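Along the sequence shown, residues carry numbers from 1. Both backbone and side-chain heavy atoms feed into the values below; hydrogens, waters and symmetry mates do not. Treat the numbers as computed from the prediction; the structure is a model and nothing was measured.
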Amino acid sequence: MATTASASASPALHLLPTRRLRLLVPRACSSSSPTRRGLIATAAVAAAAAPLLLPGRTPAALAAEPLSEWERVGLPIDPGVVLLDIAFVPDDPSHGFLLGTRQTILETKDGGNSWFPRSIPSAEDEDFNYRFNSVSFSGKEGWIVGKPAILLHTKDAGGSWERIPLSAQLPGDMVYIQATGDQSAEMVTDEGAIYVTSNCGYNWKAAVQETVSATLNRTVSSGISGASYYTGTFNTVNRSPDGRYVAVSSRGNFYLTWEPGQLYWQPHNRAVARRIQNMGWRADGGLWLLVRGGGLFLSKGTGIVEDFEEASVQSRGFGILDVGYRSKDEAWAAGGSGVLLKTTNGGKSWVRDKAADNIPGNLYSIKFIGDNQGFVLGNDGVLLRYVG
């Protein structure tokens with residue numbers, strides 16, 4: 001879960017000799033009035049030069065036309081900023097925050113139609129270029145975590161933010177935070193440490209007794225394929241609404257799960273031949289699994305299981321990077337080169353939304369805040385808003 005152009009002189013262009021072309025144009029008539037043949041030729045040239053527009057589809061109308069059920073939102077950010085997370089205030093669904101690399105925090109007060117940069121003085125005191133990884137709200141209380149290690153907290157829906165000090169011995173980088181109630185939150189690092197607080201972040205209690213590396217070293221003979229190659233960090237981690245986690249190893253050769261009350265992460269062999277790209281939770285409590293190369297699998301049944309079956313997708317060979325469920329039946333999947341897929345039967349079959357093919361970049365994160373509010377994040381500052 002963890003990216004960062006000076007102009008250079010263009011090389012000289014060597015012009016090759018070209019053959020002189022004869023332009024075929026209607027020859028002027030000796031009389032002052034044009035001939036019928038000349039009028040036809042002139043009209044043909046004009047028609048070829050003009051864009052083909054169907055009745056009612058003016059250039060202005062085409063420019064404002066939405067991308068199917070999504071529309072692209074312009075953002076006031078520098079080129080190269082990678083968007084990482086988005087969240088809205090539950091008490092005010094029109095008020096939200098968008099995070100990214102290069103110390104990017106954007107705020108909206110109109111449901112995501114427009115965004116403006118937000119400055120947080122407590123995050124600008126030092127000479128760091130923070131990567132803000134995750135944001136979450138419960139009521140008016142919100143949290144932001146980033147890298148290098150930084151934790152921000154608000155009690156007034158983001159009107160003001162305070163910085164909360166963290167221990168220098170924190171194992172790994174903070175990649176995820178979830179607001180769980182009044183003064184309470186749950187935080188995860190990329191090494192598998194899970195911490196909970198109930199006093200606004202001033203004290204944190206470990207929910208697991210060891211990092212994933214320590215667990216794998218202790219259970220190296222448990223038969224987990226690829227465990228000996230583990231580099232110590234997650235590639236992705238996702239949380240279910242009831243507090244269960246699923247994480248993918250950095251190489252994608254196995255995955256891990258954790259449920260509240262367990263003392264350690266539980267490693268699992270991958271159920272497919274190709275390496276895992278990402279995993280997450282369906283709306284019905286089951287798991288979805290993405291493999292490198294564009295495959296999408298669904299777990300048989302709900303809960304944490306190791307039995308998966310492949311779904312029918314039209315990814316055109318591009319990798320699928322994330323899945324977001326709008327309801328138990330409707331979900332969207334996004335991936336490389338503007339791939340956007342939709343299912344209306346719980347994920348059994350997917351249809352490509354061709355209107356997103358012209359988006360220049362990868363779409364890598366989908367989040368639905370409610371039935372009618374959703375967003376897709378992509379590289380190069382791409383943000384799509386669900387318009388239904």
Side-chain angles (χ1 to χ4, degrees), residues 65-73 83 85-88 90 93-94 96 98 108 111-113 136-137 178 236 238-244 246 276-291 294-305 307-316 318-359 361-378 382-388:
E65 195 171 73
L67 292 170
S68 183
E69 297 177 65
W70 302 83
E71 68 175 6
R72 184 168 180 178
V73 180
L83 303 176
D85 199 15
I86 188 171
F88 283 75
S94 63
L98 178 63
T108 180
N113 289 307
S136 179
F137 281 90
Q178 175 68 43
T236 64
N238 284 296
R239 184 183 189 272
S240 70
D242 60 0
R244 294 174 295 170
V246 59
I276 305 171
Q277 179 72 46
N278 194 4
M279 291 183 70
W281 302 92
R282 303 197 306 262
D284 64 1
L287 287 165
W288 52 261
L289 181 152
L290 304 175
V291 297
L296 190 156
F297 294 77
L298 303 176
S299 64
K300 296 180 180 179
T302 60
I304 298 173
V305 298
D307 194 8
F308 289 79
E309 58 186 353
E310 188 169 8
S312 174
V313 296
Q314 302 175 19
S315 65
R316 299 179 297 155
F318 293 103
I320 304 175
L321 303 177
D322 196 22
V323 174
Y325 274 76
R326 181 170 169 260
S327 65
K328 285 188 177 181
D329 294 324
E330 182 181 328
W332 291 80
S337 194
V339 168
L340 197 57
L341 307 168
K342 179 183 179 181
T343 179
T344 55
N345 57 13
K348 294 182 179 127
S349 61
W350 299 75
V351 177
R352 180 164 55 95
D353 189 333
K354 297 181 181 180
D357 290 352
N358 294 326
I359 296 176
N362 296 332
L363 306 177
Y364 49 75
S365 179
I366 302 180
K367 290 194 74 171
F368 279 98
I369 291 88
D371 290 344
N372 298 310
Q373 190 176 30
F375 295 86
V376 177
L377 280 59
V382 171
L383 178 67
L384 304 183
R385 186 175 74 93
Y386 180 75
V387 294

Exercise for review: Using the test ring-ring contact (aromatic ring centres under 6.0 Å, His included), find all partners of Y386 that sit at least two apart in sequence or belong to another chain.
Suggested key: W70, F368
Study note, to complete from the structure: Sorted by chain and number, sequence neighbours left out, salt bridge (Lys or Arg N to Asp or Glu O under 4.0 Å) with D284 holds for R282
Point to revise | Residues which pass side chain to side chain donor-acceptor pair (under 3.5 Å) with N113, listed by chain and number, not counting sequence neighbours | key: R385
**Study point:** Residues which pass salt bridge (Lys or Arg N to Asp or Glu O under 4.0 Å) with D322, listed by chain and number, not counting sequence neighbours
**Key:** none
Point to revise | side chain to side chain donor-acceptor pair (under 3.5 Å) involving S365 - partner list, sequence neighbours excluded | key: none
Study note, to complete from the structure: Residue set satisfying side chain to side chain donor-acceptor pair (under 3.5 Å) with S94, at least two apart, ordered chain then number -> D92
Check your understanding: Would you say the side-chain atoms of K367 pair up with the backbone N or O of I86, donor to acceptor, closer than 3.5 Å?
Key -> yes
Point to revise | salt bridge (Lys or Arg N to Asp or Glu O under 4.0 Å): pairs with one or both residues in residues 338-351, sequence neighbours excluded | key: E69-K342
Revision key, fill the gap. With sequence neighbours left out, the residues meeting side chain to side chain donor-acceptor pair (under 3.5 Å) with S349 are N345
Study note, to complete from the structure: Taken in chain and number order and not counting sequence neighbours, the residues that satisfy side-chain contact (heavy atoms from CB on, under 4.5 Å) with D242 are S240, R244
Review point. How would you list all residue pairs meeting salt bridge (Lys or Arg N to Asp or Glu O under 4.0 Å) that involve residues 324-340, not counting sequence neighbours?
Key: R326-E330
Check your understanding: What residues, two or more places apart in sequence or in another chain, satisfy side-chain contact (heavy atoms from CB on, under 4.5 Å) together with N362?
Key -> L321, N379
